[in-house]
Amino acid sequence: MAALVGSPGWIKLRPFGDFTLAHPLTLLESCPLRIRVNFVPRPYRRRLSVSASAAQDGPVRVRFAPSPTGNLHVGGARTALFNYLFARSKGGKFLLRIEDTDIERSTRESEEAMLQDLSWLGLDWDEGPGICGDYGPYRQSERNSLYKEYAQKLLESGHVYRCFCTNEELEKMKEIAKLQQLPPVYTGKWATATDAEVAEELSKGIPFTYRFRVPKEGSLKINDLIRGEVSWNLDTLGDFVVMRSNGQPVYNFCVTVDDATMAISHVIRAEEHLPNTLRQALIYKALGFPMPYFAHVSLILAPDRSKLSKRHGATSVGQFREMGYLPQAMVNYLALLGWGDGTENEFFTLDQLVEKFTIGRVNKSGAIFDSTKLRWMNGQHLRALPSEELTRLIGARWKATGILKESEGPFVDEAVQLLKDGIDLITDSDKALTNLLSYPLHATLTSSEGKSVLEDKLSEVSASLLSAYDSGELLGALDEGHSGWQKWVKGFGKSLKRKGKSLFMPLRVLLTGKLHGPDMGASILLLHKAGKSGVVAAEAGFITLDERFNMLRQLHWDSLNQDQPQPEPAATLSS
């Protein structure tokens, strides 16, 4: 709605060009913005107040319109996600439009990377590159003829005029405005030029821009679906350029023409675009297009509450994908940056987000990007995967990185089940497995934490363990599997008169070389299988059980107990 506050009456207005409004109902019947105009007595008539909101109640059509000048930022991905969720929740259409009018910086490589990232996230578009639609083409670089057509209409209606000012003249205007502490707006030198003056410049071949004729008084108001009422004074704007002297359209003009001709019903975008709404609303009005609803989403902030940037670490979707994040975890986390369903639940599938999403629950305030929470959430999603899928992903990773010779089989199945609780990212699985295969015994025994274990007569436990190994008793128990291991441990503890921590901590250190780790029995059984199957690649640094017991034989316990340095066994060095 738009309104002049005052009593009804007759009025003649020329704020947007050479048209005359003879009666309030004339504009109310013909203009899709449903403008109401009232008369204010001449001495007090100061402002034309215009508030804009969509006049159409047709199908929901939203768009995500990235510029292919770099990688898809997580902020852009969240904007795309909110558009997607809104469209799907309303049974509407989600469009993808490529805003590639920045010819110098836009590349097809960047565009392809963005399309891949959106597809990876599962945000499939209904219209856009690669998908035919009735409102194409969907790249701005292919829509120049349309922009020129509408620019000509604005010129003919008087809403824009030719400006022949040089760059030097424009800079001087800015300097004068700065000295007078005024906004750096265009002074309107060519706004009142006669036809003869314009014709003279044209005959000389002087380059010109198209400037939009902005009302000098008044304000514009919109009802933002997230931020509520937002208004601007028109006197701070000045006549702005819609077409450059090289014939290229300016961003705000392109966006308005595209959104209008693509029948976009709702514009959901980042709050940094909020100031652009003023110019775009004026262009909508001048061209007679219905205004869409606007919803401006808050920025994503770094932990220090500054704008999230590269200096804070990974910020693009592609980077997180390469780091081993799951698309479902990224979607879940991005949705929670500024939105919630009103419950304590933090875990949603994409389908659940579609079901629960409402624009009214999007927050005004900035959302902090917490990489630690994202990693934790990825771990939750990872472990929630079906067992077969989780094993396939991690097994493929182990083979690809050269740790294992095979990506599937009993060893892989058991290793994934044993190690999954310590894996938040697929890439974490490399360290988890190589840590299991390693045997840093000497480092553990000479550490401050290992001192108490060493002093608890560890050498005596080691002698008994070597005896059980040499006799074949231990290996026979491992061949029997979990039940054999449990039976052996129970008997071993009785023979040493040890149980609980005093039994299991020395065994863990002697057999795994570590003080901490996953279930010891499952770990030893897996190491036993690895040594027999040959599934581990030679480059993985695997220390077999045989090699571990050989290292135990070479230990100088007296030197360790006296805190004296000793040369490391060759097997330890090779690991």
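By the salt bridge (charged side-chain N to carboxylate O under 4.0 Å, His left out) test, E346 pairs with K373, sequence neighbours left out. Remark: Y325 engages F320 in a ring pair (Phe, Tyr, Trp, His ring centres under 6.0 Å) (not counting sequence neighbours). Residues that satisfy the salt bridge (charged side-chain N to carboxylate O under 4.0 Å, His left out) test with E272, not counting sequence neighbours, are K307. Applying the side-chain hydrogen bond (donor to acceptor under 3.5 Å, both in side chains) test to T261 and every residue at least two apart in sequence or in another chain returns R143. Taking S298 as the reference, R78, R227, E271 meet the side-chain contact (heavy atoms from CB on, under 4.5 Å) condition, with sequence neighbours excluded. Residues forming a side-chain hydrogen bond (donor to acceptor under 3.5 Å, both in side chains) with Y84 (at least two apart in sequence, or on another chain): D124. F240 is linked by a ring pair (Phe, Tyr, Trp, His ring centres under 6.0 Å) to F212, counting only residues two or more places apart in sequence or in another chain. Listed by chain and number, the residues in a side-chain contact (heavy atoms from CB on, under 4.5 Å) with D428 are R375, I423, D424, L425 (sequence neighbours excluded). Under the ring pair (Phe, Tyr, Trp, His ring centres under 6.0 Å) criterion, W339 pairs with F348, F357, sequence neighbours left out. Partners of Q152 by side-chain hydrogen bond (donor to acceptor under 3.5 Å, both in side chains), not counting sequence neighbours, listed by chain and number: E156. Here Y135 pairs with nothing under the ring pair (Phe, Tyr, Trp, His ring centres under 6.0 Å) rule; sequence neighbours left out.
Counting heavy atoms from C-beta on, the side chains of V267 and R63 come closer than 4.5 Å. Residues R321 and Q116 meet the side-chain proximity criterion, which asks for heavy atoms closer than 4.5 Å. Residues P66 and I98 form a side-chain contact, since some pair of their non-hydrogen atoms from C-beta on lies under 4.5 Å apart. The shortest side-chain heavy-atom distance between E322 and T427 does not fall under the 4.5 Å cut-off. Counting only heavy atoms from C-beta outward, the side chains of I226 and V297 approach each other to under 4.5 Å. Two residues are said to be in side-chain contact when any heavy atoms from C-beta on lie closer than 4.5 Å; V74 and M330 meet this criterion. In this structure, the side chains of E217 and L234 stay at 4.5 Å or more apart for every pair of heavy atoms. Within the 4.5 Å cutoff, no side-chain heavy atoms of W125 are placed close to those of E127.
Of the possible polar contacts, none joining the S306 side chain to the A302 backbone as a donor-acceptor pair under 3.5 Å is found. In terms of modelled atom types and a separation under 3.5 Å, the side chain of Q319 and the main chain of T315 share a donor-acceptor contact. Between the N83 side chain and the V62 main chain, no donor and acceptor come within less than 3.5 Å of each other. Judged by distance alone, the side chain of S110 and the main-chain N or O of T107 form no donor-acceptor pair under 3.5 Å. Between the side chain of N332 and the backbone N or O of Q328 there is no donor-acceptor pair closer than 3.5 Å. Looking at D126, its side chain does come within 3.5 Å of a backbone N or O of F94 through a donor-acceptor pair. Judged purely by atom type and a 3.5 angstrom limit, E201 has no side-chain atom pairing as donor or acceptor with the backbone of V198. Panel note: side chain K431, backbone S429; no donor-acceptor pair is recorded below 3.5 Å. Looking at D100, its side chain never comes within 3.5 Å of a backbone N or O of S106 through a donor-acceptor pair. A donor-acceptor pair is defined here as one N or O able to donate and one able to accept, closer than 3.5 Å; such a pair exists between the side chain of N378 and the backbone of L326.
Closest approach of G122 to L350, counting heavy atoms only: O-CD2, 3.7 Å. G75 and I300 get closest at one heavy-atom pair: CA-CD1, 3.6 Å. Nearest heavy-atom pair across L220 and A281 is CD1-CB, 3.5 Å. Closest non-hydrogen pair, I368 versus L337, comes out as O-CD2, 3.4 Å. Here the closest non-hydrogen pair linking A335 and L81 is N-CD2, 3.6 Å. Contact between P207 and F164 at its shortest, heavy atoms only, is O-CD2, 3.8 Å.
The residues R361 and D341 are annotated as not salt-bridged, no charged nitrogen and carboxylate oxygen being separated by less than 4.0 angstrom. Between E175 and K172 there is no salt bridge, since none of the side-chain N atoms of the basic residue sits less than 4.0 Å from a carboxylate O of the acidic one. Look at R397 and D430 and you find a salt bridge, because one of the NZ, NE, NH1 or NH2 atoms lies within 4.0 Å of a carboxylate O, short of that distance.
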Steps toward side chain to side chain contact (heavy atoms under 4.5 Å, CB included) verdict (F253, Y210): CA-CA 11 Å; F253 183 55; Y210 281 2; over 6 Å; no
Working for side-chain hydrogen bond (donor to acceptor under 3.5 Å, both in side chains), residues T277 and R269: CA-CA 11 Å; T277 310; R269 59 188 181 185; 3.0 Å; yes
Steps toward salt bridge (Lys or Arg N to Asp or Glu O under 4.0 Å) verdict (D258, R139): CA-CA 10 Å; D258 288 341; R139 293 185 182 87; over 6 Å; no
Residues F64, I268; criterion side chain to side chain contact (heavy atoms under 4.5 Å, CB included); working and verdict: CA-CA 8 Å; F64 176 55; I268 304 172; over 6 Å; no
V230 and K221: CA distance, side-chain angles, deciding distance, side chain to side chain contact (heavy atoms under 4.5 Å, CB included) verdict: CA-CA 6 Å; V230 183; K221 177 177 65 179; over 6 Å; no
Please tabulate, one pair per line, all N/O donor-acceptor pairs under 3.5 Å involving side-chain atoms of residues 244-251, not counting sequence neighbours.
unit_1: R244; atom_1: NH1; unit_2: P249; atom_2: O; d: 2.9
unit_1: N246; atom_1: OD1; unit_2: Q248; atom_2: N; d: 2.9
unit_1: Y251; atom_1: OH; unit_2: H273; atom_2: ND1; d: 3.3

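Environment of CG in N71: sparse, with no more than 12 heavy atoms of neighbouring residues, nucleotides or ligands closer than 6.0 Å.
Distance check: S67 OG to E99 CD gives 5.5 Å after rounding to the nearest 0.5 Å. Here CG of N252 is found 4.0 Å from CG of N276. Values are rounded to the nearest 0.5 Å. Rounded to the nearest 0.5 angstrom, I264 CD1 and F289 CZ are separated by 12.5 Å. If you take CE on M243 and SG on C163, they are separated by 14.5 Å, rounding to the nearest 0.5 Å.
Side-chain polar atoms of N345 and T343 form no donor-acceptor pair below 3.5 angstrom.
Ring centers of F86 and Y293: at least 6.0 Å apart, outside the cut-off. Not less than 6.0 angstrom separates the ring centroid of Y161 from the ring centroid of W190.
Y138 does not carry R97 over the face of its six-membered ring by the limits of under 6.0 Å from the centre and within 45° of the normal.
Ring-plane geometry between F294 and Y284 is classed as perpendicular, the angle between the planes exceeding 60 degrees on a 0 to 90 degree scale with a lower cut at 30.
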